[in-house]
Amino acid sequence: MSADGKIRCAWPGLENDELYQRYHDTEWGRPVTGEAELFERLSLEAFQSGLSWITILRKRESFRAAFSNFDPAAVAGFGPEDFERLMNDASIVRNRLKINATIGNARALLALPDGITLGSLIAQHTPAARAAGEPVPAQTPESKALAKALKKLGFAFVGPTTAYAMMQAIGVVNDHHHDCWLAGGTEPH
């Protein structure tokens with residue numbers, strides 16, 4: 001239990017980090033709409049792959065500045081100079097594959113066929129709610145199918161684990177620990 005008396009998910013370091021607690025309490029697991037907002041979450045989850053989420057969270061404002069607030073049209077227009085700028089930006093994660101994937105994913109997002117959005121793709125792959133006490137998975141059949149659909153549409157660095165982490169972050173599933181004060185839902189308290 002934290003100083004404010006709330007029981008939260010048992011994420012390593014959560015209880016001692018105000019930024020992390022604010023993210024957990026006010027953002028993680030809450031519905032997200034809008035293509036730019038979904039693109040940001042997908043991009044940040046891809047950058048998180050192999051790293052801790054708190055590392056990405058602490059760099060989030062730098063990512064936003066570096067990637068034009070995750071405006072898909074702006075990022076899709078990034079060229080070689082932007083790539084080099086990003087590779088030299090110590091305030092973000094400088095991973096060649098992840099940077100290329102983010103730029104490519106913006107282009108793929110803009111190239112989606114008429115009537116298809118990132119939001120609609122995610123909605124089509126919503127998993128059923130887990131039963132109480134059932135372990136939180138790293139991926140699901142639905143996240144595998146979403147990753148496959150995204151890759152078919154030209155997205156990169158979006159495997160089933162990244163797809164599921166995004167589903168958790170944007171409130172498609174509620175994976176707050178059963179003891180967490182937000183486990184019953186993510187309505188503001």
Side-chain angles (χ1 to χ4, degrees), residues 1-4 6-32 34-72 74-75 78 82-106 108-109 118 122 135-140 143 146-147 150-151 155-177 180-182 186:
M1 186 177 307
S2 63
D4 63 7
K6 293 179 179 172
I7 297 172
R8 292 181 173 84
C9 295
W11 301 350
L14 178 63
E15 292 304 324
N16 301 317
D17 191 301
E18 185 178 320
L19 175 66
Y20 212 10
Q21 283 183 18
R22 189 170 48 252
Y23 173 74
H24 171 272
D25 292 357
T26 64
E27 189 172 347
W28 191 77
R30 294 182 187 262
V32 172
E35 294 297 281
E37 292 80 2
L38 293 170
F39 174 62
E40 175 185 1
R41 299 322 191 285
L42 180 65
S43 300
L44 293 176
E45 292 297 343
F47 271 103
Q48 185 270 330
S49 182
L51 302 171
S52 69
W53 177 248
I54 190 62
T55 298
I56 301 305
L57 188 59
R58 288 183 179 138
K59 294 176 178 279
R60 187 178 195 182
E61 292 307 316
S62 296
F63 274 111
R64 285 176 169 163
F67 284 96
S68 300
N69 249 355
F70 291 98
D71 173 2
V75 177
F78 282 9
D82 295 294
F83 177 81
E84 287 307 316
R85 171 184 57 82
L86 294 165
M87 285 299 296
N88 290 311
D89 186 344
S91 70
I92 65 168
V93 173
R94 298 177 290 177
N95 178 296
R96 187 171 301 278
L97 295 174
K98 293 175 182 182
I99 290 170
N100 272 329
T102 302
I103 296 167
N105 289 348
L109 179 63
L118 183 54
I122 295 165
V136 175
Q139 54 184 259
T140 64
S143 73
L146 175 58
L150 289 170
K151 287 179 183 178
F155 287 79
F157 229 97
V158 288
T161 301
T162 297
Y164 192 71
M166 180 184 58
M167 290 176 171
Q168 292 173 305
I170 66 171
V172 171
V173 295
N174 182 348
D175 279 344
H176 284 282
H177 187 269
C180 177
W181 71 281
L182 292 168
T186 54

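Nothing here was measured: the structure is a model prediction, and the numbers come from that model. The figures here come from the full heavy-atom set of this structure, side chains too, leaving out hydrogens, waters and symmetry mates.
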Q) Between Tyr23 and Ile54, is a side-chain contact (heavy atoms from CB on, under 4.5 Å) present by the stated rule, with each step listed? A) CA-CA 10 Å; Tyr23 173 74; Ile54 190 62; over 6 Å; no

(Q) Can you tell me how far apart CG (Leu146) and OG1 (Thr162) are? Round to the nearest 0.5 Å. (A) 10.5 Å

Q: State the CZ-NE2 distance between Arg8 and His176, to the nearest 0.5 angstrom.
A: 10.5 Å

Q | Atom pair CG (Asn95) and CG (Asn100), whose distance is rounded to the nearest 0.5 Å | A | 9.5 Å

**Q.** Heavy-atom closest pair, residues Arg85 and Ala66
**A.** NH1-O, 3.0 Å

(Q) Nearest 0.5 angstrom please: Glu45 CD to Ile56 CD1, how far? (A) 9.0 Å

Q | Atom pair CG/CZ of Leu38 and Phe70 - distance to nearest 0.5 Å | A | 12.5 Å

Q) Does a side-chain N-to-carboxylate-O contact under 4.0 Å join Glu37 and Arg41? A) no

Q: Using atom types as modelled and distance alone, determine if a side-chain donor or acceptor of Asp4 lies under 3.5 Å from a backbone N or O of Lys6.
A: yes

Q) Atom CG in Leu57, atom CG in Leu44: separation rounded to 0.5 Å? A) 9.0 Å

Q: Considering non-hydrogen atoms only, spot the tightest contact between Pro160 and Ser143 and give its length.
A: O-OG, 3.0 Å

Q) Checking ring-ring contact (aromatic ring centres under 6.0 Å, His included) against Phe67, which of Phe47, Phe83, Phe39 comes through? A) Phe47

Q: For residues Ser52 and Thr55, report the shortest heavy-atom separation together with the two atoms involved.
A: OG-OG1, 2.8 Å

Q.
If the threshold is 4.0 Å, N to carboxylate O, is there a salt bridge linking Arg30 and Glu27?
A. no

(Q) Using 30° and 60° as the class boundaries, would you call the ring planes of Trp11 and Tyr20 parallel, tilted or perpendicular? (A) tilted

Q: Would you please name every residue forming a side chain to side chain contact (heavy atoms under 4.5 Å, CB included) with Arg94, sequence neighbours left out?
A: Ala90, Ile92

Q) Do Lys98 side-chain atoms and Ser49 backbone N/O form a donor-acceptor pair below 3.5 Å? A) yes

Q: Could you pull out the closest heavy-atom pair between Ala156 and Ala101, with the gap in Å?
A: O-CB, 3.9 Å

(Q) Check whether Gln168 reaches the backbone of Val173 with its side chain - one donor and one acceptor, N or O, closer than 3.5 Å. (A) no

